[in-house]
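Below is one structure, written out as structure tokens; the observations come after it.
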Amino acid sequence: MNELYLYTNAASVAKDLSSKNSDEPGFCRRSMLKTLAGLGIGTLAFQRALTANFQAGGTVTAELIRGAEWIADIELDDEQREQVARALQSTVVAGKQLRAVPVDVDTVPALVFRPDFFYAQAHEEIDNSTRSEPLQLQVHWSVETDMRRADLADEDLAFASLSEQASLLASGQLSSRELTRIYLNRLEKFDPILHCVVELLGEHALESAAASDLRRKHGATRGVLDGIPWVAKDLIAVAPWKTTWGAEPFREQVRTSTATVARKLSDAGAVLLAKVSLGALAWGDVWFGGTTRNPWNPEQGSSGSSAGSAAAVAAGLATFALGSETLGSIVSPTRRCRTSGLRPTFGRVSRAGCMPLAWSMDKIGPIARYVDDLALVFPQLLGTDGLDPTLVERSYRWPDQRHAELAAGNLQGIRVGLTGDRLSAMETSALQFFQSAGATIIDLNLKSEFPVEAMNFVLGTEAASVFEDAFRQTPDANYGLWSGTFRQAPFTPAMQYLRANRIRGQLITEAERTLGQVDVVLGGNDLLLTNLTGHPSLVVACGVEQVDESERPGVVKLTAKAYAESTLLMVGKILQEALPVTIRPGGMN
């Protein structure tokens, strides 16, 4: 008997049995399986029928999708079957590439299962305010500044660095309440242009600022971030306010807990101004409030998904922001909006309380105008919290210990890698600076023999699992760009997902060895690779370049080995000081 015929007819009978008998007293799963077994279900013939087209690399048809719907426990219409069939054809190719890679039985997947974490959940009460012990960090910050509040317009304060603002606060020339009012006014003024504010927290922000001023008055300041205003990407839960994830089905959603990163910043005294936009479910820059705009060109979207975070910082609407990245969501909008952003090593910053997209790829990181600001915000986010089982603790020193060894503009001993990918104009200028400053330039091959592109489906598979229940309940709701993925992913074979992650473990080791040959990599088309491997990247706003007949800051991407954020930020800071940003977005004053 033709195996495909057997497969599709078995599926049809199974569907009929389920619909006719599921409510009858004598019907049970065992009866259904027994009936299907008579048709070949569970036999080698059926297994071959189920996977024949995938293994042979043949054509995935709408009819094949129809026959497999009972396995995926979903029901599609004819148009959706055609869409899924077209999309799954690329999965066939990816599957063949992955199967072509030899994998020894001792090769473990790049997945960490931590049962001890879940055991603890069953035997103790969770108190989010006390679960984590403070991480021992070495962070130095100077309060000295030549700036005088009397000489500064409000817009100058809005675009000042975190260090400058903190110094003015420390000297008593500026209050947190005054700085907060400046930013709240700017958020109200420019949001109609940028469409970046999901919810303005004016009253809360002013209360937090007043509390900061009171602490300072009594000599109880909590550190450099005390009184500094920031904005949160709206996948970061902050109770009791809404956390909408940028998507229509969740626009009234209120999470009952506060994300670890938001709690840590609150504990440090930072003032939350607003929840800001992200593309629906962290893809793109289009959310239920419209398209978030690029401050340098309001006719253009700000890219995503940390769309509002990057736009708000670039426009001087906050001192810094938190964003997140799964596959480019910090790197892409900071490039578009010409600001700086740090995507940390996977596992350094807790994702607890933040919308998951892909558990094995999500990362939370800061966005600011100045690299030095990122270096001061980053340590406030570190430390285990008993809530995110992926967290690891590594030392962090700022300034980096090598700062003392490097004279201003002297990068002797720093190794800069070049991948052979084409450099942008500003990256070429950065290379010239590195060479003139004495850095050693090393050719680096980041291209892997492993099928990196074929592992891209891991993200969509995990995302579909995250939102499976919501999508099943309201499949016709507006999930932004994700609906096609959510329909396609249930057809991904579990063995293919696991095989990809087994290969991914080898890819991580390979990438770490390569990146370990240098201190930083300049440029490079490594976005998918480094998000799969979890390595950190930094976008540096620096210099000035011509774009579409107008001047804008340039942007340079740097990448490093795992847990090398200190070195990454050190090199980025020196680069930004050598090629400073001297302009602001037009119309944002």
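Look at D526 and K557 and you find a salt bridge, because one of the NZ, NE, NH1 or NH2 atoms lies within 4.0 Å of a carboxylate O, short of that distance. Contact check on R81 versus D78 returns a salt bridge, with a Lys/Arg side-chain nitrogen under 4.0 Å from an Asp/Glu carboxylate oxygen. Between R66 and E63, at least one side-chain N (NZ, or NE/NH1/NH2) sits under 4.0 Å from a carboxylate O, which counts as a salt bridge. The pair E565-R348 counts as a salt bridge, with a side-chain nitrogen and a carboxylate oxygen less than 4.0 angstrom apart.
Looking only at distances, no side-chain donor or acceptor of S465 sits under 3.5 Å from a matching main-chain atom of T461. At distances below 3.5 Å, at least one donor-acceptor pair connects side-chain atoms of R222 with backbone N or O atoms of S266. Using a distance-only test at 3.5 Å, with no hydrogens or angles considered, a donor-acceptor pair links the side chain of N501 to the main chain of Y497. S208 places a side-chain N or O within donor-acceptor distance of the main-chain N or O of H204, the cut-off being under 3.5 Å. At distances below 3.5 Å, at least one donor-acceptor pair connects side-chain atoms of E393 with backbone N or O atoms of T384. A donor-acceptor pair under 3.5 Å is absent between the side-chain atoms of Y396 and the main chain of F378, judged by distance alone. A donor-acceptor pair under 3.5 Å links the side-chain atoms of T258 to the main chain of A239, judged by distance alone. Between the S306 side chain and the S324 main chain, a donor and an acceptor come within less than 3.5 Å of each other. Between the R335 side chain and the V539 main chain, no donor and acceptor come within less than 3.5 Å of each other.
Side-chain contact between W241 and V254 is absent, with no heavy atoms from C-beta onward closer than 4.5 Å. Annotation: side chain of D234 is not in contact with side chain of W287 (no heavy-atom distance under 4.5 Å). Between W245 and R255 the shortest side-chain heavy-atom distance falls below 4.5 Å. Residues L162 and D372 have side chains not in contact (no heavy-atom distance under 4.5 Å, counting atoms from C-beta outward). Looking at S360 and R504, their side chains come closer than 4.5 Å, going by heavy atoms from C-beta outward. Counting heavy atoms from C-beta on, the side chains of T334 and V313 never come closer than 4.5 Å. The side-chain heavy atoms of E462 and L357, taken from C-beta on, include no pair separated by under 4.5 Å. For the pair V276/L317, no side-chain contact is recorded, criterion being any heavy-atom separation below 4.5 Å from C-beta on.
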Check your understanding: Hey, mind stepping through V331 and N531 against side chain to side chain contact (heavy atoms under 4.5 Å, CB included) and telling me if it holds?
Key -> CA-CA 11 Å; V331 170; N531 271 288; over 6 Å; no

Review point. Please walk me through it: do T530 and R343 pass side chain to side chain contact (heavy atoms under 4.5 Å, CB included)?
Key: CA-CA 10 Å; T530 54; R343 183 192 76 206; 2.9 Å; yes

Check your understanding: Can W230 and L272 be said to form a side chain to side chain contact (heavy atoms under 4.5 Å, CB included), step by step?
Key -> CA-CA 5 Å; W230 70 288; L272 180 59; 3.7 Å; yes

Exercise for review: Show your reasoning for whether side chain to side chain contact (heavy atoms under 4.5 Å, CB included) applies to K233 and S305.
Suggested key: CA-CA 9 Å; K233 182 175 180 177; S305 69; 2.7 Å; yes

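To the nearest 0.5 Å, atoms OG (S350) and CG (L382) are separated by 11.0 Å. Remark: L322 CG to Q380 CD distance equals 11.0 Å, nearest 0.5 Å. The distance from atom CD of E299 to atom OG1 of T291, rounded to the nearest 0.5 Å, is 13.0 Å. Atom CD1 of I74 and atom CD of E69 lie 6.0 Å apart (nearest 0.5 Å). The CG atom of D267 lies 10.5 Å from the OG1 atom of T260; values are rounded to the nearest 0.5 Å. One finds the OG1 atom of T339 at 7.5 Å from the CG atom of L374 (value rounded to the nearest 0.5 Å).
Checking T345 against R394 by side-chain atom types alone, no donor-acceptor pair falls below 3.5 Å. Using modelled atom types and a 3.5 Å distance limit, the side chains of K275 and T244 yield no donor-acceptor pair. Remark: the S212 side chain and the D226 side chain contain an N/O donor-acceptor pair separated by less than 3.5 Å. Judged purely by distance below 3.5 Å, without hydrogens or angles, the side chains of S537 and T559 pair a donor atom with an acceptor atom.
The side-chain contact (heavy atoms from CB on, under 4.5 Å) test applied to R336 returns N294, Q300, S303, not counting sequence neighbours. Applying the ring pair (Phe, Tyr, Trp, His ring centres under 6.0 Å) rule to F346 yields no partners; only residues at least two apart in sequence or on another chain are considered. Checked against side-chain contact (heavy atoms from CB on, under 4.5 Å), S161 has the following partners two or more places apart in sequence or in another chain: S163, E164, Y370, D373. With sequence neighbours excluded, no residue satisfies ring pair (Phe, Tyr, Trp, His ring centres under 6.0 Å) with W296. With sequence neighbours excluded, the residues forming a side-chain contact (heavy atoms from CB on, under 4.5 Å) with E248 are R251, F288, N478, listed by chain and number.
Nearest heavy-atom pair across A158 and Q165 is O-NE2, 4.2 Å. Of all non-hydrogen atoms in R369 and G316, the two that sit nearest each other are NH1-CA, 3.7 Å. The heavy-atom pair separating A375 from L569 by the smallest distance is CA-CD1, 3.9 Å. Nearest heavy atom pair, residue F159 against residue A315, reads CZ-O, 3.4 Å. Taking each heavy atom of F320 and A270 in turn, the nearest pair found is CZ-CB, 4.4 Å. Scanning both residues, P295 and M588, for their nearest heavy atoms gives O-CE, 4.2 Å.
Of the listed residues (D285, T292, L278, V231), just one forms a side-chain contact (heavy atoms from CB on, under 4.5 Å) with C196, and that residue is T292.
Under the 30°/60° scheme for interplanar angles, the aromatic rings of F250 and F467 are found to be tilted.
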Under 3.5 Å donor-acceptor pairs involving side-chain atoms of residues 484-494, not counting sequence neighbours:
residue: Q488; atom: NE2; partner: T91; partner atom: OG1; Å: 3.3
residue: T492; atom: OG1; partner: A489; partner atom: O; Å: 3.1

